[in-house]
Every structure is written in structure tokens, then in C-alpha cells.
> 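I'd like to ask you about the structure that follows.
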Amino acid sequence: MEPEVQEFLKRIAQTVSVSLLFFLFHMTVGLYLNWAFFEGSPHIGNIIYYLIFLITLAGLIYFYYWLWKGKL
């Protein structure tokens, strides 16, 4: 296999795997532990969950930028 194609497929695999890890973590914590839902008023768990969500989302976007900025 050509090195350019191999590098491209490696980037795609990393993008998909990190995305799945991100979504599965936030689905588990947010939906299954009910930290994503407000029951009446926001609780400390909701605030911590959404802060962690925003920080990890920024990290995910930075990772995508770092991964895809170079030439193939």
C-alpha cells in the first residue's frame, strides 16, 4: 500500500476512534447517570458535566485540527 494512502486511512481511523470515545463517554455520563438533564433547577453535577463537556469538546476540535493540518 502506498504511504500516502496508509497515512490517510490512519488519520480516518484515529478520527473515528477518538470520536466514538468522546461520544460514548458523554453518553454514559450524561444520559445514563442523568447529569445532562435538569430536574427543576441546575445542580452541581449538571454544571460539572457541562464544563467537562465543553473542555473535552474543545480538546476534540484541537485534536482534529492538529491531526488534519499537515499534508498527506
> How far does CZ of Phe25 sit from CD1 of Ile52, to the nearest 0.5 angstrom?
6.0 Å

> Tyr64: which residues meet the ring-ring contact (aromatic ring centres under 6.0 Å, His included) condition with it, sequence neighbours left out?
none

> Donor-acceptor pairs under 3.5 Å, side chain of residues 65-72 to any protein atom, not counting sequence neighbours: which ones?
residue: Trp68; atom: NE1; partner: Thr15; partner atom: OG1; Å: 3.0

> When clusters are formed by joining ILVMFWY residues with side-chain heavy atoms under 4.5 Å apart, either directly or through shared neighbours, do Trp35 and Tyr32 land in the same one?
no

> So Asn46 and His43, do their side chains get closer than 4.5 Å, heavy atoms only?
yes

> What's the spacing between Leu9 CG and Glu4 CD if we round to 0.5 Å?
11.5 Å

> Output the distance between atom CD1 (Ile55) and atom CG (Leu60), rounded to the nearest 0.5 Å.
14.0 Å

> If Ile, Leu, Val, Met, Phe, Trp and Tyr residues are connected whenever their side-chain heavy atoms lie under 4.5 Å apart, and connections chain through other members, are Leu33 and Met27 in the same group?
no

> Same cluster or not: are Val18 and Ile61 linked, directly or through other Ile, Leu, Val, Met, Phe, Trp or Tyr residues, by side-chain heavy atoms under 4.5 angstrom apart?
yes

> What distance separates Phe22 CZ from Ser17 OG, expressed to the nearest 0.5 Å?
14.0 Å

> Considering residues at least two apart in sequence or located in another chain, which fulfil the ring-ring contact (aromatic ring centres under 6.0 Å, His included) criterion with Tyr49?
His26

> Looking at Glu2, I want to see if its CD is surrounded by more than 12 non-hydrogen atoms of other residues, nucleotides or ligands under 6.0 Å.
no

> Roughly how far, to the nearest 0.5 Å, is CG of Leu57 from CZ of Phe53?
5.0 Å

> Same cluster or not: are Phe23 and Ile12 linked, directly or through other Ile, Leu, Val, Met, Phe, Trp or Tyr residues, by side-chain heavy atoms under 4.5 angstrom apart?
yes

> Has Tyr50 got a side-chain atom pairing as donor or acceptor with Ala36's backbone, closer than 3.5 angstrom?
yes

